[in-house]
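Have a look at the structure below, then the notes.
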Amino acid sequence: MSIPLHTLRAGVIGTGFIAPVHIEALKRLGVQVTAICGSTAAARATAAQWGIGEVYGGYDYRGLIASPNVDVVHVTSPNKVHVEQSLAALAAGKHVICEKPLGMTSRETERVVAAVKRGGVRSPVFAVNYMCRFFPAVLQMRAMVERGDLGRIIHVQGHFFQDWLLEETDFNWRVLAAEGGKLRAVGDIGTHWIDAVSFILGARATSVFAHLETFHKSRLRPKGQVQTFARSDPKTMERYKVDTEDFGSVLLKFGKAKHGHVDGVHANASISQVAAGWKCDLAIGIYGTKASVQWNFQDPNEIRVGGRDRPNQILQRGTAGFSDDVAGFTDYPGGHPEGFPDAHKMHYRAVYQHIAGERKAPVRFATAADGHHEVELCEAILRSSKAKGWVRV
Ligand SMILES: NC(=O)c1ccc[n+]([C@@H]2O[C@H](COP(=O)([O-])OP(=O)(O)OC[C@H]3O[C@@H](n4cnc5c(N)ncnc54)[C@H](O)[C@@H]3O)[C@@H](O)[C@H]2O)c1
């Protein structure tokens with residue numbers, strides 16, 4: 001028996017760029033947001049803005065997790081505390097939606113996989129926020145590949161370009177390996193691309209060949225914390241050495257999919273956080289023996305289908321071009337655009353429905369194992385870049 005989503009209660013750890021995206025999406029779903037955790041001032045301000053009853057200042061995430069009024073914990077803090085906070089939530093029997101990447105190293109993320117496994121069928125639900133899976137266009141591309149509409153998949157190509165770290169004065173904790181992980185551009189946004197492609201293909205990457213570049217060997221940083229995408233005054237900054245990459249060029253080989261249309265597919269992706277003018281330009285092209293399909297995150301409501309001996313088509317969400325597979329993941333009619341906030345909403349809806357429906361809904365969201373796999377991939381990409389050769393994942 002399924003329970004209504006509004007009976008489930010969420011607690012959010014973190015108050016930065018992405019936390020309000022979670023809160024807003026949960027409110028749109030009718031889920032109660034009962035608790036917030038962060039610095040004392042930011043947690044109070046966020047609680048006041050959104051009408052959240054319980055405030056856990058001083059980064060007291062244990063207090064939030066222990067609250068009897070929290071069923072699902074959203075981990076939206078920086079990467080280095082994801083595993084510690086996820087494990088604490090799981091140990092308290094709470095369901096978790098953890099931001100990506102799942103952690104800093106595969107050694108620590110395998111502890112999350114083990115904790116979920118230990119719980120067996122009664123384990124709390126655990127999801128990693130690779131929400132690109134929940135754009136209707138991405139689900140549509142996945143359905144097309146699975147049905148064989150594109151034939152046998154031959155190759156995949158794309159990029160994820162941003163420019164918010166283009167200047168040497170642009171700073172965020174992600175630039176520091178100790179804070180965000182050894183891979184920055186690839187770990188932060190490249191894994192969104194890789195996870196979405198794996199989801200569309202129904203297969204995981206098995207080997208990689210990567211080249212990483214750091215254009216700013218040193219950068220200037222402000223004294224103190226900075227929120228994501230915020231700018232600072234260069235006069236109050238200090239210089240530091242950069243130990244993460246600005247750009248990555250990655251070749252990937254994918255394994256076999258159950259549906260039989262993917263086996264040994266070759267993919268290449270460019271990942272950059274220094275691509276002037278491009279804010280969130282995630283592009284994916286899937287090329288098969290019968291047809292191809294392309295999609296871009298910044299134009300999320302349509303996909304372009306290519307055929308050799310017939311005119312190419314633009315298929316739009318909410319119209320006849322999108323099939324029934326996508327129906328449960330879009331709320332507005334064609335011509336009424338949906339985008340980034342909606343993909344978050346659809347992801348959380350899928351996870352909460354899974355919780356509410358006693359685990360009967362199919363799992364389309366990224367699990368702890370998927371999150372762990374992305375961290376393993378990042379480590380293989382780093383090894384490959386150093387060794388200048390193919391590395392198995
Ligand atoms: N899925 C997505 O689309 C998406 C988009 C952006 C960011 N993210 C992920 O979300 C996470 C946060 O990124 P952001 O851009 O919001 O960063 P941010 O720096 O803007 O915010 C981080 C927040 O965490 C708080 N914080 C710091 N240490 C903490 C601790 N120990 N416990 C609790 N809170 C703590 C900070 O005060 C801040 O409020 C990252 O892991 C990032 O990769 C995901």
Side-chain angles (χ1 to χ4, degrees), residues 11-25 35-47 49 55-65 73-86 88-89 96-104 109 127-135 138 160 162 164-165 170-176 178-181 183-193 195-196 221-222 224-232 244 273 279-280 282 297 300 339-348 351 365-366 370-371 374-375 378:
V12 178
I13 302 177
T15 56
F17 163 66
I18 205 66
V21 179
H22 286 243
I23 297 169
E24 187 191 87
I36 184 82
C37 164
S39 70
T40 303
R44 277 189 191 146
T46 308
Q49 183 186 349
V55 179
Y56 296 90
Y59 302 120
D60 177 19
Y61 71 87
R62 291 190 188 278
L64 179 141
I65 288 169
V73 175
H74 288 243
V75 177
T76 76
S77 46
N79 306 351
K80 71 173 178 184
V81 288
H82 286 181
V83 166
E84 166 192 330
Q85 295 178 345
S86 295
V96 182
I97 298 182
C98 180
E99 266 306 341
K100 39 57 59 181
L102 178 55
M104 303 278 278
T109 56
V128 183
N129 200 17
Y130 284 114
M131 33 55 69
C132 290
R133 294 178 175 215
F134 289 88
F135 280 98
V138 170
F160 197 162
Q162 295 183 334
W164 67 293
L165 294 171
D170 295 326
F171 178 73
N172 185 263
W173 51 264
R174 290 163 171 86
V175 179
L176 311 171
E179 299 285 318
L183 283 195
R184 187 228 312 161
V186 174
D188 190 31
I189 57 173
T191 60
H192 266 308
W193 191 93
D195 181 77
R221 64 171 291 183
Q225 272 194 17
V226 186
Q227 188 168 314
T228 304
F229 300 128
R231 283 171 184 265
S232 305
T244 55
Q273 289 180 317
K279 309 300 174 194
C280 208
L282 188 170
F297 183 103
F340 176 75
D342 304 274
H344 278 269
K345 183 179 99 174
M346 294 302 162
H347 179 208
Y348 309 149
V351 178
F365 55 82
D370 294 324
E374 290 298 322
V375 175
C378 285

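First listed ligand is number 1; within each ligand, the first listed atom is number 1. The analysis underlying the following values was restricted to heavy atoms, covering all of them including side chains, and did not include hydrogens, waters or symmetry mates.
- With no hydrogens or angles considered, no side-chain donor-acceptor pair links E374 and Y130 at under 3.5 Å.
- K279 is not listed as a side-chain neighbour of W164, based on a closest heavy-atom distance of 4.5 Å or more.
- Of all the heavy atoms of Y61, none lies under 4.0 Å from any atom of ligand 1, so neither backbone nor side chain is involved.
- Using a 4.0 Å cut-off between heavy atoms, K100 contacts ligand 1 through both its backbone and its side chain.
- Heavy atoms of I13 found under 4.0 angstrom from ligand 1 belong exclusively to the side chain.
- Here's the thing with I18: one of its N/O atoms is less than 3.5 angstrom from an N/O atom of ligand 1.
- Between F365 and R133 there is no side-chain heavy-atom pair separated by less than 4.5 Å.
- On a distance-only criterion, F17 and ligand 1 share at least one N/O pair closer than 3.5 Å.
- A distance of 4.5 Å separates CG of L176 from CZ of F171, quoted to the nearest 0.5 Å.
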Could you pull out every donor-acceptor pair under 3.5 Å between side chains of residues 38-45 and any protein atom, sequence neighbours left out?
| from | atom 1 | to | atom 2 | distance (Å) |
| --- | --- | --- | --- | --- |
| S39 | OG | A42 | N | 3.2 |
| T40 | OG1 | G58 | N | 3.0 |

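- With a heavy-atom cut-off of 4.0 Å, W173 touches ligand 1 through its side chain alone.
- Using a 3.5 Å distance cut-off with no hydrogens or angles, the side chains of E24 and H344 do not pair a donor with an acceptor.
- Note on ligand 1: Y130 sits outside its first shell, no heavy atom being nearer than 4.0 Å.
- Within the structure, ligand 1 has P78 among the residues with a heavy atom less than 4.0 angstrom away.
- At a 4.0 Å heavy-atom cut-off, ligand 1 does not touch S39 at all.
- The backbone of T76, and not its side chain, has at least one atom closer than 4.0 Å to an atom of ligand 1 (non-hydrogen atoms only; backbone = N, CA, C, O).
- Residues passing the side-chain hydrogen bond (donor to acceptor under 3.5 Å, both in side chains) test with E179, sequence neighbours excluded: K80.
- Between the T244 side chain and the V175 main chain, a donor and an acceptor come within less than 3.5 Å of each other.
- With ligand atoms numbered from 1 in the order given, ligand 1 contributes 1 (N) to contacts under 4.0 Å with heavy atoms of N129.
- Listed by number with element, the atoms of ligand 1 under 4.0 angstrom from any heavy atom of H82 are 41 (O).
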